[in-house]
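All remarks here apply to the structure that follows.
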Amino acid sequence: MSQTSVPGQGANAHTATDATAAAQRAAELRIELARHNRAYYEDDAPLIPDAEYDRLFGELVALENDFPELQRPDSPTQRVGGKPVEGFAPVVHRVPMLSLNNGFADEDVEAFDRRVSDGLRDVNGVNGASGAGSAGGVGGVGGAGGVNTTPNSTGDLFGTPVEYAAELKFDGLAIALRYEQGVLVQAATRGDGTTGEDVTANIRTIKKIPLKLDTDNPPDVLEVRGEVLMFRADFDKLNQAQEAAGEKVFVNPRNAAAGSLRQLDSRITAKRPLSFFAYGIGELIGATMPETHSALLDWYVTLGIPVNERREVVKGADGLLKFYREVGEARASLPYDIDGVVYKVNRRDEQDRLGFVSRAPRFALAHKFPAQEALTTLLDIEVQVGRTGAITPVARLAPVFVGGATVTNATLHNEDEIRRKDVMIGDTVIVRRAGDVIPEVVGSVLDRRPADARAFVMPTACPVCGSAIEKLPDEAIARCTGGLICAAQRKQALLHFAQRRALDIEGLGDKLVEQLVDQQIIRTPADLFKLGVAKLAALDRMADKSASNLVAALEKARHTTLARFIFALGIRHVGEATAKDLARHFGKLDNLIAVCKRDSDLTELLAVPDVGPIVAESINNFFCEDHNVEVIEQLRAAGVTWPESEPAAAAPLPLAGKTFVLTGTLPTLSRDEAKAMLEALGAKVAGSVSAKTDYVVAGAEAGSKLAKAEALGVPVLDEDAMRAMLAAL
DNA sequence: GATCCTCGAGTTCC
DNA sequence: CTCGAGGATC
C-alpha cells in the first residue's frame, strides 16, 4: 500500500533483483499454501497451525500487492476476492445447462429404462446395439478397452441391459466452472439454463475447487459442471456463528449455500464453508471426450476436481432401483442433503443417439425421494381473486416446517380439488412441498377430523367487489364477473402490467399497488404514468428516495417493445408467446386494433400461429371495448413507445389463415418441399382434412383424405394447380 | 375422436 | 411447479 509500483518500470521503488526474488518467493509460497490447503481440506489433517497458515498467506498477499505483475488468477490469494462488485454479470452458457426429467415411483424408472433401450434399438436399426459388451462388469467400463468393437448379433439385443452411471442428486446449486489452459477463468450459475450469472469471485473462495487443474497437459477449454453445496455440520456451525453475531440464521443448507454464493462481497463468501461435487461437462476443447460418463468423472478425480465417491455403474432398471434403495437407506447418515439420485446412460455415444426431448435429455433421469411430508391443522380456507377473476381457494395452515421451509399457505386450486382431497376446515392435513418448492395439501387425516369440522362453501359473491361469482359448467374455475369493477382484478392487472416480462417497472410491487388502488390514486395502467414524486411520497413506506426511484423506473419503462406491450395489456389467453406472435404478425399496434374493429372477422387473427377460435375471440373482444382502446391511447399519450416494424400487415402473407392438407405423392415435389412453399406464403399445413380445411393438394395414391375432401366439398388441387395458384398470388 | 404438446394462469417462500 | 385449456397432430 505504501507506493504504487508501476509494472515494467524497474527504475521505481523496486530493483530488478527485488522483482526476481519476489517472484521466486511468491512461487514458493503458492506451492506451500496449496499443499496446506490439500492437507486441511482433503486429507483433513492440517500440517501447520492456522495462525502459521495465515502468516504465509499474508506474506503472499503483501508480495502480490507490492508486485502487481505477480498476481495470477490461480493464486491462492485470489480465493478471497477484492472489493464488492455491482451485481453479477450475465454469462451465456455455450452449452445450455438443461434440467432433468423427474421420476418418483419404481414404474417411472422402469419406463425410463424401457424408453432408453427402445430408443437405442430403434436408432440402431439393423446395425445392432453397440452397448458395452455383456462381459467386463462394472469396473471395466471406464477403461474403454479398445475401440468400439463390432456390433453384436441382433439376437441378444433384448437380453443386454443398458449400462447406467448412477450418482447422488445433491441439494445445492448447479454451477459451471470454466477452465482455460487448466486455469479457472469463470464460474457461472445455471440461471435459466441459457444464461446464468458470473459468480467467479465467489467460487474462487471455495477451497475445494481447484484454481488450477492438476495436470501438465490441460485441455484448452474444460467446462466442469457440478453442484455447490454446504455440508450439514458446516451449516450448523455457520448458523451458530450467525446467531452469536446477531445475524440471520439460514433455514437449510441449500439456502445457506445459495445465499453465500449470491454475496456481492466475496470476502463474506470466503467465510462460508461451501463444498463442491462435479457431475457433468459442458464445453471441451483440446482433449478427447471420455467414452463414458464414469470415465469422465474418473478423469476429473485425476485433475483434482472433487467428485463424490458414492457413484456406481449399474445395469438395467434392476440395477438402478437397487442403487436407489441403498442410497435411500444411507440418506440420513450422509453428511449433506440429497433429494434423490440421478441416472445417466453411461456411454456417450448412446447418450448422443438418444438426444433430447424439448428441454431435457432423454438419457438421464432424476429419481427423487418422496417429498417430505408433515401434518398440520387447516385453520381456514379463504379465496383469492386473480387477474382474470379466477376465484382460488387457499388453505391457511398452522405454520409447519416441511422440506426446509415453514409453510403457512397452500393453494387448493379449485372446488373440485377440495372435494377430491376431501379436506374440511379444522382437519389435520398432510402437507408437502411439491417438487420441493410449492406447498401442497395432499389430503386430510380422516380419523382426526373434529366434530365441528366445516366444509368449504364457494361464495356466490366476490369477496372484494360483491359481483356475482360464476362457474361455467365445463370449466373447473369459478370467476368473479366484476371485471375491472373489481379492485382485486384491477390490482392484479396493474401488477401484470408492471411485471418483469411486461413493461418491467421496477419497484412497483404488490404493497404499493395495494395502496395506490385502495386510495383510488390510480385505476388503469395509464394512470401510473401520471404519478409524480410528491404524490408518491405521501404513501406509507415511501420516502422521497423510493418515490423518485419509481418515477425513474416508469421513465425507463416507457421504452418497450410491441410484444411486451401487448403482453402487458393482459388480454385473456394472450401470454408472452402469443403476444410475440401477434407483434410479429401485425408489426404495428394499430394494424391489430384495426383488424379487431372490423366487426368480428377473425380470419386475420386466426392466421397468427397458435391463435385458434377461442384466442381470436378473446383478442377481438378486448379491442372492441372502447375503454381498452382509450387506455392504450392514454398510454401512448403518456409517452409509452416502442419501435414499430414496417407494415408487415400492409402486405400480409397471401395465404395467411388458409389451411392446406397434403395427401398422396406429388409428381415433382416432396411433401416437405410442398409444405415449405405453402408455409412461406403464410399458409398452415395440417395433417387431416376437416371443415376448416381450405384446400387439399392431392397427388398419386391419395386415399381417405381425398375422399373426405370431396365429401366436405373442399377444393382439391393437383400439383400443377397448386403451382399455378401460388404463381398467381 | 383421441392424444400430445405448448402456453397461460395461479401460487409459495426467501 | 402444477393444472387446465387451447391448438396441433395423428
Side-chain angles (χ1 to χ4, degrees), chain A residues 99 101-102 104 173 248-252 254-260 262 357-360 368 371 382-397 399-417 420-421 431-442 471-472 474-479 488-489 492-493 495-496 499 501-502 510 566-567 570-582 605-619 659-663 675 679 684-690 692-693 704-705 708:
Chain A
S99 47
N101 286 320
N102 287 326
F104 288 93
L173 292 101
K248 68 157 195 172
V249 295
F250 293 98
V251 65
N252 58 32
R254 209 203 92 87
N255 283 8
S260 304
R262 292 204 49 85
V357 218
S358 60
R359 281 174 50 217
K368 293 201 172 174
E382 294 172 10
V383 296
Q384 289 180 355
V385 185
R387 173 167 64 84
T388 62
I391 303 289
T392 312
V394 179
R396 305 289 175 209
L397 305 164
V400 60
F401 192 80
V402 51
T406 304
V407 169
T408 52
N409 301 309
T411 177
L412 289 165
H413 296 114
N414 55 53
E415 231 179 331
D416 295 347
E417 186 88 354
R420 203 177 317 139
K421 289 177 174 168
V431 174
R432 75 166 166 221
R433 301 228 292 157
D436 274 343
V437 180
I438 311 268
E440 178 189 20
V441 174
V442 182
K471 182 165 167 303
L472 298 177
D474 51 350
E475 283 197 344
I477 295 165
R479 292 177 194 279
Q489 292 187 49
Q492 294 300 319
L495 285 169
H496 173 81
Q499 71 152 285
R501 279 155 34 230
D510 52 357
I566 293 174
F567 174 57
I571 304 165
R572 191 105 109 84
H573 299 126
V574 176
E576 218 184 348
T578 311
K580 276 183 193 156
D581 286 337
L582 289 168
L605 284 169
L606 290 168
V608 179
D610 295 321
V611 173
I614 308 246
V615 179
E617 180 77 34
S618 165
I619 297 168
T659 302
F660 283 68
V661 173
L662 301 172
T663 182
K675 189 174 177 208
E679 281 175 344
K684 254 188 299 210
V685 178
S688 63
V689 181
S690 73
K692 290 195 317 183
T693 310
S704 62
K705 290 192 218 177
K708 184 159 184 197

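Below, read A as the first sequence line, B as the second, and so on, with proteins coming before strands; counting in each chain starts at 1.
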Atom pair distance, as rounded to whole Å: [atom1] in [X] and [atom2] in [N]:
X         : N       : atom1 : atom2 : answer
Leu582(A) : dC7(B)  : CG    : P     : 13 Å
Leu412(A) : dC1(C)  : CG    : P     : 21 Å
His496(A) : dG8(B)  : NE2   : P     : 10 Å
Glu617(A) : dG6(C)  : CD    : P     : 12 Å
Leu606(A) : dG7(C)  : CG    : P     : 9 Å
Phe401(A) : dC13(B) : CZ    : P     : 13 Å
Glu417(A) : dC3(C)  : CD    : C1'   : 8 Å
Lys471(A) : dG4(C)  : NZ    : P     : 11 Å

If you check every side-chain atom of [X], which of [options] has the closest atom?
X         : options                  : result
Asn414(A) : dG10(B), dT12(B), dG4(C) : dG4(C)
Val615(A) : dT11(B), dG6(C), dA9(B)  : dG6(C)
Ile614(A) : dG6(C), dC3(C), dG8(B)   : dG6(C)
Ala476(A) : dA5(C), dG10(B), dG7(C)  : dA5(C)
Thr392(A) : dG8(B), dC13(B), dT11(B) : dT11(B)
Pro613(A) : dT11(B), dG8(B), dG7(C)  : dG7(C)
Gln384(A) : dG7(C), dA9(B), dT11(B)  : dT11(B)

Once rounded to the nearest 0.5 Å, what's the spacing between atom [atom1] of [X] and atom [atom2] of [Y]?
X         : Y         : atom1 : atom2 : value
Asn409(A) : Glu382(A) : CG    : CD    : 8.5 Å
Glu440(A) : His413(A) : CD    : NE2   : 7.5 Å
Gln489(A) : His496(A) : CD    : NE2   : 13.5 Å

Taking only the side-chain nitrogens and oxygens of [X], find out if one of them lies under 4.0 Å from OP1 or OP2 of [N].
X         : N       : result
Arg387(A) : dA9(B)  : yes
Thr578(A) : dG8(B)  : yes
Thr411(A) : dT12(B) : no
Asn409(A) : dC13(B) : yes

*Could you walk me through whether Thr411(A) and Thr392(A) pass the side-chain contact (heavy atoms from CB on, under 4.5 Å) check?*
CA-CA 7 Å; Thr411(A) 177; Thr392(A) 312; 3.6 Å; yes
*Of Val407(A) and His413(A), the one whose closest DNA chain B nucleotide lies more 5'*: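 Going by which nucleotide is closer to the 5' end, it is His413(A).
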*Nearest-nucleotide wise, let me know which of Thr406(A) and Val385(A) is further upstream toward the 5' end of DNA chain B.*
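That would be Val385(A).
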*Do Lys471(A) and Glu415(A) come within less than 4.5 Å of each other through their side chains, counting heavy atoms only?*
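Counting from C-beta outward, Lys471(A) and Glu415(A) do come under 4.5 Å.
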*Are Ile619(A) and Leu582(A) close enough, and set up right, to give a side-chain contact (heavy atoms from CB on, under 4.5 Å), and what steps lead you there?*
CA-CA 10 Å; Ile619(A) 297 168; Leu582(A) 289 168; 3.8 Å; yes
